[in-house]
Amino acid sequence: MLYHILYICTAVNIALFAAPNVVGKSGTLALTIGVLGIWRYSWGILNFIRAKYYMRFAFPRRRRRAEALYALQTYRAHAFFLVTTYKIDPAITAPVYRSIFEAARNSEGGATIVASVVDASDIRLIKAVFAGSDASRSGSVSLVFDRIAGTGKRDALATSLRTIRRLNPTRHDMIFLVDGDTRVPASLVAKSAPFFTDEKMGALTSDEVSDATGGRLFQDWFHLRFAQRQLMMSSMGLSERVLTLTGRMSVFRGDLATQPGFISGVQHDFIDHWRFGRVNFLTGDDKSTWFWLLKHGYKMGYLPDVKTVSVETQPRDSFYDSAIVLMRRWFGNTLRTSNRALALPASRIGYFTWWSILDQRMSMWTTLAGPCGMILAAYVFNPYVFLAYLAWVMVSRYVMCTMISTFRAGGFPVTYPFLLYFGQIGGALVKTYVLFRLDRQKWTRQNTATGTARQKKGFLGSDGFSLYLHALAVAWLILGMIWFVDISGA
């Protein structure tokens with residue numbers, strides 16, 4: 001509490017110190033930043049209201065209705081768990097599989113676990129965990145291994161989906177895609193199955209909480225990100241079209257996830273880019289599954305009352321390097337998919353969903369407009385403008401963190417406002433970088449990558465031309481803000 005009081009007092013003192021020197025200096029700048037601010041903050045408030053309504057009213061009604069319909073059915077869904085494990089510490093793998101075996105044992109319709117592994121040591125470990133679990137003695141749970149070459153997660157998913165396809169899952173069964181570092185709740189099957197009574201429901205994803213290792217900043221950053229995720233996913237859940245089916249844990253209707261087109265889309269997804277030609281997707285399998293269902297008009301629901309636990313390992317020594325590496329992968333997956341999603345009719349995928357996807361592409365530039373304008377104004381008028389902006393950032397981000405924290409029990413550490421601003425500005429910078437280099441992809445844990453040794457596509461696909469386009473876009477942003485700052489009238 002003391003740190004929060006000091007934080008608020010510091011923000012107020014900076015504002016009072018700067019205000020007499022900046023009020024009335026540039027009405028054009030204030031109007032421009034105000035319009036951008038109203039747009040961004042109204043969008044945030046809208047999603048906050050939608051999320052609260054979904055969690056408090058809409059979702060409980062949907063759950064009651066779905067469970068009532070499921071109770072009328074005599075058939076109980078069989079649960080197929082597809083778990084991918086690659087170079088994960090045994091101390092992480094063992095608890096993950098224990099949670100999966102427990103969830104499988106609680107499946108009324110029985111369960112099959114397909115473990116996709118590379119190393120024989122993982123097979124021995126998983127067999128030992130299974131032998132010591134109640135699932136092995138239940139008679140309704142079977143364990144299958146797919147040992148594959150370490151050629152990437154997409155190949156692993158496709159191979160094991162074909163294994164499940166041979167087991168003939170029905171329209172009423174479910175396939176859970178689970179990462180090897182994600183623990184699932186014991187009630188997962190029971191809480192998921194009722195929603196597939198809706199014949200248009202294609203997949204579900206759930207809330208995530210973080211079990212992060214590494215430094216304090218890295219841990220706080222992930223806790224904040226997952227709280228933000230609960231907010232945005234709940235808002236999108238109201239429209240029954242989430243913006244991603246997270247690869248950590250999502251559940252699919254059995255007959256959809258085993259269709260040849262779905263499996264092919266996971267294994268060999270790509271875009272044809274005007275500069276880079278054919279860009280085959282290395283990462284972002286969750287975006288491929290999402291787009292396939294979106295394209296075919298299926299609903300994708302969100303379960304805010306189901307929590308999985310994701311083990312997050314800091315990939316680099318420093319927090320900054322780790323965050324940049326992760327954001328480059330996340331945002332690259334998003335940007336490679338968003339254009340083709342926007343090409344779909346808004347009437348098919350929902351107008352709010354369509355606009356949300358468009359907003360993802362615009363927000364990288366609108367986010368950078370504020371600090372860019374303030375830096376220019378501080379140079380043109382006086383440095384007190386920068387102090388006023390600093391006070392505004394501290395107050396506004398504190399309020400935003402207070403709102404976000406209502407989606408988690410308890411308060412929040414004083415690091416959250418700084419991490420939120422870092423995520424917004426740093427994320428926008430990473431997005432603009434990736435936007436002009438969509439062919440570059442790299443797994444965090446694997447040595448698999450594209451971009452550095454890719455086949456060049458002539459001058460248009462060269463690194464130099466990518467840099468030129470990036471610099472040109474940034475220059476237009478700066479020129480626009482220079483005009484708004486109204487240097488000519490200074």
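FYI, side chains are in, hydrogens and waters are out, and symmetry mates aren't considered; it's all heavy atoms of this structure.
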- [ ] Show the numbers, then the answer: is there a side chain to side chain contact (heavy atoms under 4.5 Å, CB included) between Arg440 and Val434?
- [x] CA-CA 8 Å; Arg440 296 192 179 186; Val434 171; over 6 Å; no
Side chain to side chain, [X] and [Y], heavy atoms closer than 4.5 Å:
X	Y	answer
Trp290	Thr337	yes
Leu335	Met364	yes
Gln424	Arg397	yes
Met249	Asp179	no
Gln267	Leu157	no
Leu435	Arg361	yes
Val311	Arg183	yes
Met233	Thr244	yes

[atom1]-[atom2] distance between [X] and [Y], expressed to the nearest 0.5 angstrom:
X	Y	atom1	atom2	answer
Ser142	Leu167	OG	CG	7.5 Å
Thr182	Asp211	OG1	CG	10.5 Å
Thr289	Leu256	OG1	CG	11.5 Å
His268	Ser288	NE2	OG	11.5 Å
Gln259	Arg253	CD	CZ	8.0 Å

Ionic contact status for [Y] with [X], cut-off 4.0 Å:
X	Y	result
Arg248	Glu312	yes
Asp305	Arg63	yes
Asp359	Arg40	yes
Arg62	Asp198	no
Asp269	Lys287	no

State which residues pass ring-ring contact (aromatic ring centres under 6.0 Å, His included) with [X]; sequence neighbours excluded, sorted by chain then number.
X	answer
Tyr302	none
Phe331	none
Tyr416	Phe412
Phe422	Phe319

TODO: Could you tell me how the ring of Tyr75 sits relative to the ring of His172: parallel (under 30°), tilted (30 to 60°) or perpendicular (over 60°)?
DONE: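 Tyr75 and His172: tilted rings.
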Task: Member of Ile357, Leu294, Thr334 meeting the side-chain contact (heavy atoms from CB on, under 4.5 Å) criterion with Leu243 - done: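 Going through Ile357, Leu294, Thr334 one by one, the side-chain contact (heavy atoms from CB on, under 4.5 Å) with Leu243 is satisfied by Ile357 alone.
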- [ ] Check whether NZ of the Lys or CZ of the Arg Lys52 lies under 6.0 Å from the centre of the six-membered ring of Phe57 and within 45 degrees of that ring's axis.
- [x]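 Not flagged: Lys52 not positioned over aromatic ring of Phe57.
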Open item on the list: Would Arg154 pass as a cation-pi partner of Phe281, given that its NZ or CZ must be under 6.0 Å from the six-membered ring centre and within 45 degrees of the axis?
Closed with: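 Pair Arg154/Phe281 does not count as cation-pi.
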Task: is_close_aromatic(Phe80, Phe252), centroid dist under 6.0 Å - done: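 Between Phe80 and Phe252, the centre distance exceeds or equals 6.0 Å.
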Task: Validation row, ring centre Phe352 to ring centre Trp43 under 6.0 Å - done: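 They qualify: ring centres under 6.0 Å apart.
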Task: Sequence-distant partners of Arg56, side chain to side chain contact (heavy atoms under 4.5 Å, CB included), two or more places apart - done: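 In terms of side chain to side chain contact (heavy atoms under 4.5 Å, CB included), with neighbours along the sequence ignored, Arg56 is linked to no residue.
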Is a donor on one side and an acceptor on the other found under 3.5 Å between the side chain of [X] and the backbone of [Y]?
X	Y	value
Asp173	Gly254	no
Gln441	Asn280	yes
Thr432	Leu429	yes
Arg336	Thr283	no
Ser322	Arg316	yes

- [ ] Under the side chain to side chain contact (heavy atoms under 4.5 Å, CB included) rule, what do Phe276 and Ser466 come out as? Steps first, then yes or no, please.
- [x] CA-CA 10 Å; Phe276 303 118; Ser466 295; 3.9 Å; yes
Task: side chain to side chain contact (heavy atoms under 4.5 Å, CB included) between Ser210 and Arg225, intermediate numbers included - done: CA-CA 9 Å; Ser210 170; Arg225 285 189 61 85; over 6 Å; no
- [ ] Show the numbers, then the answer: is there a side chain to side chain contact (heavy atoms under 4.5 Å, CB included) between Thr205 and Arg229?
- [x] CA-CA 12 Å; Thr205 194; Arg229 181 183 180 278; 3.6 Å; yes
Open item on the list: Going by the rule side-chain hydrogen bond (donor to acceptor under 3.5 Å, both in side chains), which residues pair with Asn168 if we only count those two or more places apart in sequence or in a different chain?
Closed with: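 Here no residue qualifies.
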- [ ] Using side-chain hydrogen bond (donor to acceptor under 3.5 Å, both in side chains) as the criterion, list what pairs up with Tyr398, not counting sequence neighbours.
- [x]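 Listed in chain order: His4.
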- [ ] Applying side-chain hydrogen bond (donor to acceptor under 3.5 Å, both in side chains), run through Thr197 and Arg65 and close with a yes or a no.
- [x] CA-CA 10 Å; Thr197 54; Arg65 183 169 60 250; over 6 Å; no
Open item on the list: Does atom OH (Tyr41) have a neighbourhood of more than 12 heavy atoms from anything else shown, all under 6.0 Å?
Closed with: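 Check passes, neighbour count above 12.
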Open item on the list: Looking at Arg340, I want to see if its CZ is surrounded by more than 12 non-hydrogen atoms of other residues, nucleotides or ligands under 6.0 Å.
Closed with: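 Enclosed.
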Tell me which pairs pass salt bridge (charged side-chain N to carboxylate O under 4.0 Å, His left out) where either residue lies in [range], with sequence neighbours left out.
range	result
residues 157-170	none
residues 411-426	none
residues 72-81	Arg76-Glu108
residues 404-428	Asp207-Arg408

Task: Distance-only donor-acceptor check, side chains Ser310 and Glu208, under 3.5 Å - done: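 There is such a pair (donor and acceptor under 3.5 Å, judged by atom type) between the side chains of Ser310 and Glu208.
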Open item on the list: Does Thr159 form a side-chain hydrogen bond (donor to acceptor under 3.5 Å, both in side chains) with Asp146? I'd like the steps, not just the answer.
Closed with: CA-CA 8 Å; Thr159 299; Asp146 272 337; over 6 Å; no
Task: Qualifying ring-ring contact (aromatic ring centres under 6.0 Å, His included) pairs with a residue from residues 193-216, counting only residues at least two apart or across chains - done: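 Pairs touching residues 193-216 that pass the test: Phe59-Phe195.
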